[in-house]
Chemist: 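A single structure is presented below for examination.
Because the structure is predicted, anything quoted here is derived from the model rather than measured.
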Amino acid sequence: MNRDLFVRSKANPIIKPADLPFNVNGVLNPGVALVDGEVVLLLRIENRRGISALYVARSANGVDGWRIEQEALLEPRLAEYPYEKWGCEDPRVTQIGPHTWIIAYTAYSPYGPGVALAKTEDFVTVERLGLVMSPSNKDATLFPEKINGSWLMLHRPVTGSGEHVWHASSDDLLHWALPGMLLPANGGPWWDGLKVGSGAPPIRTEKGWLLIFHGVKAGGGHLIYRLGLALLDLNDPRKLLARSSDWVFAPEAEYEQRGLVPDVVYTCGALERDGEIWMYYGGADTVIGLAIARTSDLVDFALEHDFLHEEARHR
């Protein structure tokens, strides 16, 4: 039976520019955390100059009643951080302790996009760790626990062979080494043929780390962003267990197809709540949506539509 695994919230879009307490160009691509029983979104808000900053929004139920801060948590205003002069973008939020969250975000400057990290204990104050990967690099996210004694990050550098998902390790969150390729773009006509990037931070399941990733295809004179799934080994996430050959979520609603950048669904954050994945995502780089799926269904989809096994069968 052909059915959608992710079901869009009836409240979608749950946050749009008109909901903000000030004039903005778009609100998009939020990171997410569960803090003291509330859902906290770290919104990327692009102002009418085109510069993005990261703002905190809170909701008791994660759907509506959002309380949005007037002041940004991270914004490009500090002279000592020149590599984010043009914006703080696309945050992924990973909880690494009872009251500690790491924010991996894109620091955008005249030199290009790079990977920056920051740390917070309350989403009221923040400590910048600074730029940790030089341009051109983005789509970084951390695993919520150490792997064999080290932190593991997924990121998307621009290399001579294209834009693919790589991994790197660190003992102190500042110095990253031992790079390796994890998820290459498929090339050709594939839905994820042009480039891929990690989405929400990986989620632990019984069958592996579940990774939602985005894939990009050029079609009809513009780019189309869709979402797929991968499973990574629990003990060593550098090992790819499965990768969905089919996309699992695509821009099909009007607010995903029409906006600042049409035909885009792009996630930076998801929560697992009572056996469900609550995925928060940007629609057309303009609004924020929520879609919910059963965790077990997503894992099964990745295994049943595994590109790795399909490729082996056709050799």
Side-chain angles (χ1 to χ4, degrees), residues 8-9 11-33 35 38-78 81 83-93 103-110 112-114 116 118 120 123-126 128 138-139 197 199-200 214 222-223 225 251 253-270 278-291:
R8 291 166 174 82
S9 170
N12 276 359
I14 61 170
I15 303 178
K16 51 190 183 297
D19 299 328
L20 277 292
F22 40 82
N23 291 330
V24 304
N25 198 31
V27 54
L28 61 155
N29 305 354
V32 62
V35 183
E38 284 195 316
V39 174
V40 172
L41 293 185
L42 190 54
L43 314 174
R44 173 185 168 185
I45 295 178
E46 182 181 302
N47 65 26
R48 294 190 178 185
R49 292 179 296 151
I51 307 299
S52 292
L54 306 181
Y55 288 75
V56 172
R58 295 178 173 86
S59 167
N61 62 12
V63 179
D64 54 22
W66 295 100
R67 309 186 312 280
I68 301 170
E69 298 293 335
Q70 290 271 359
E71 302 295 327
L73 183 68
L74 286 163
E75 62 179 332
R77 60 179 175 78
L78 300 178
Y81 295 96
Y83 301 113
E84 57 185 49
K85 180 179 180 180
W86 281 358
C88 302
E89 303 179 351
D90 299 348
R92 277 87 169 171
V93 179
I103 304 165
Y105 63 100
T106 298
Y108 187 33
S109 77
T120 185
F123 291 90
V124 176
T125 60
V126 67
R128 281 173 167 85
K138 60 194 312 186
D139 296 341
H214 63 263
H222 68 281
L223 302 181
Y225 280 71
E254 188 272 341
Y255 52 85
E256 300 159 356
Q257 296 175 336
R258 296 169 58 89
L260 295 176
V261 183
D263 290 327
V264 171
V265 288
Y266 188 102
T267 184
C268 287
W278 287 44
M279 181 180 71
Y280 295 87
Y281 66 96
D285 278 11
T286 307
V287 300
I288 290 173
L290 166 64

Chemist: Search all heavy atoms of Pro251 against all heavy atoms of Tyr225 and return the closest pair with its distance.
Modeler: CD-O, 3.2 Å

Chemist: If you round to the nearest 0.5 Å, how far is CG of Leu42 from CD of Glu69?
Modeler: 11.0 Å

Chemist: Please name all residues satisfying ring pair (Phe, Tyr, Trp, His ring centres under 6.0 Å) with Tyr81, sequence neighbours left out, ordered by chain then number.
Modeler: none

Chemist: Quick one: OG on Ser52 to CG on Leu28, what's the gap to the nearest 0.5 Å?
Modeler: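 Between Ser52 OG and Leu28 CG, I get 6.5 Å after rounding to 0.5 Å.
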
Chemist: Just to verify, what does Tyr266 make a side-chain hydrogen bond (donor to acceptor under 3.5 Å, both in side chains) with, not counting sequence neighbours?
Modeler: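 In terms of side-chain hydrogen bond (donor to acceptor under 3.5 Å, both in side chains), with neighbours along the sequence ignored, Tyr266 is linked to Arg92, Asp139.
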
Chemist: If you define the side chain from C-beta out and look only at heavy atoms, does anything of Phe123 sit under 4.5 Å from Glu38?
Modeler: no

Chemist: Suppose we screen for side-chain contact (heavy atoms from CB on, under 4.5 Å). Which residues come up paired with Ala11, at least two apart in sequence or across chains?
Modeler: Ser9, Ile14, Val63

Chemist: My understanding is that only residues two or more places apart in sequence, or in another chain, count here; which of them pass salt bridge (charged side-chain N to carboxylate O under 4.0 Å, His left out) with Asp90?
Modeler: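 Residues passing salt bridge (charged side-chain N to carboxylate O under 4.0 Å, His left out) with Asp90: Arg44.
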
Chemist: Taking the side chain as C-beta and beyond, is there a heavy-atom pair between Val264 and His214 under 4.5 Å?
Modeler: no

Chemist: Would you list the atom pairs, donor with acceptor, under 3.5 Å between side chains in residues 15-27 and any protein atom, with sequence neighbours excluded?
Modeler:
{"unit_1": "Lys16", "atom_1": "NZ", "unit_2": "Asp19", "atom_2": "OD1", "d": "3.4"}
{"unit_1": "Asp19", "atom_1": "OD2", "unit_2": "Lys16", "atom_2": "N", "d": "3.0"}
{"unit_1": "Asn25", "atom_1": "ND2", "unit_2": "Glu46", "atom_2": "OE2", "d": "2.7"}

Chemist: Please name all residues satisfying side-chain hydrogen bond (donor to acceptor under 3.5 Å, both in side chains) with Gln257, sequence neighbours left out, ordered by chain then number.
Modeler: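 With sequence neighbours excluded, Gln257 shows a side-chain hydrogen bond (donor to acceptor under 3.5 Å, both in side chains) to no residue whatsoever.
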
Chemist: Sequence neighbours left out, what passes salt bridge (charged side-chain N to carboxylate O under 4.0 Å, His left out) with Asp64? Give chain and number order.
Modeler: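 Applying salt bridge (charged side-chain N to carboxylate O under 4.0 Å, His left out) to Asp64 gives none.
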
Chemist: Could you state the interatomic distance from CG (Leu41) to CG (Leu54), rounded to the nearest 0.5 Å?
Modeler: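 Leu41 atom CG to Leu54 atom CG measures 12.0 Å (nearest 0.5 Å).
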
Chemist: By side-chain hydrogen bond (donor to acceptor under 3.5 Å, both in side chains), which residues pair with Ser109, not counting sequence neighbours?
Modeler: none

Chemist: Thinking salt bridges, do Glu89 and Lys138 make one under a 4.0 Å N-O criterion?
Modeler: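 So Glu89 does not pair with Lys138 through a salt bridge.
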
Chemist: Check Cys268 against Pro91 and note the closest heavy-atom contact, atom names and distance.
Modeler: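 Minimum heavy-atom separation between Cys268 and Pro91: CB-O, 3.2 Å.
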
Chemist: Can you name the side-chain contact (heavy atoms from CB on, under 4.5 Å) partners of Glu254, sequence neighbours left out?
Modeler: Arg258

Chemist: Counting only pairs under 3.5 Å, give me each side-chain donor-acceptor contact of residues 279-289, with atom names and distances, residues two or more places apart or in other chains.
Modeler:
{"unit_1": "Tyr280", "atom_1": "OH", "unit_2": "Gly62", "atom_2": "O", "d": "2.8"}
{"unit_1": "Tyr281", "atom_1": "OH", "unit_2": "Asn12", "atom_2": "ND2", "d": "3.4"}
{"unit_1": "Tyr281", "atom_1": "OH", "unit_2": "Glu256", "atom_2": "OE2", "d": "2.6"}
{"unit_1": "Thr286", "atom_1": "OG1", "unit_2": "Leu260", "atom_2": "N", "d": "2.8"}
{"unit_1": "Thr286", "atom_1": "OG1", "unit_2": "Ala284", "atom_2": "O", "d": "2.8"}

Chemist: Could you tell me the separation between the CD1 atom of Ile51 and the SG atom of Cys88, rounded to the nearest 0.5 Å?
Modeler: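 Taking CD1 in Ile51 and SG in Cys88, the distance rounds to 10.0 Å.
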
Chemist: Among all residues two or more places apart in sequence or in another chain, which pass the ring pair (Phe, Tyr, Trp, His ring centres under 6.0 Å) test with Trp66?
Modeler: none

Chemist: Quick one: closest heavy-atom pair of His222 and Pro262, and the distance?
Modeler: CD2-O, 4.3 Å

Chemist: In Å, rounded to the nearest 0.5 Å, how long is the span from CG of Leu73 to OH of Tyr55?
Modeler: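 One gets 10.5 Å once the value is rounded to the nearest 0.5 Å.
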
Chemist: Where is the tightest heavy-atom contact between Ala200 and Ala270, given as atom of each residue plus distance?
Modeler: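 Heavy-atom minimum between the residues: CB-N, 3.6 Å.
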
Chemist: Partners of Arg77 by side-chain contact (heavy atoms from CB on, under 4.5 Å), sequence neighbours excluded?
Modeler: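 Applying side-chain contact (heavy atoms from CB on, under 4.5 Å) to Arg77 gives Glu75.
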
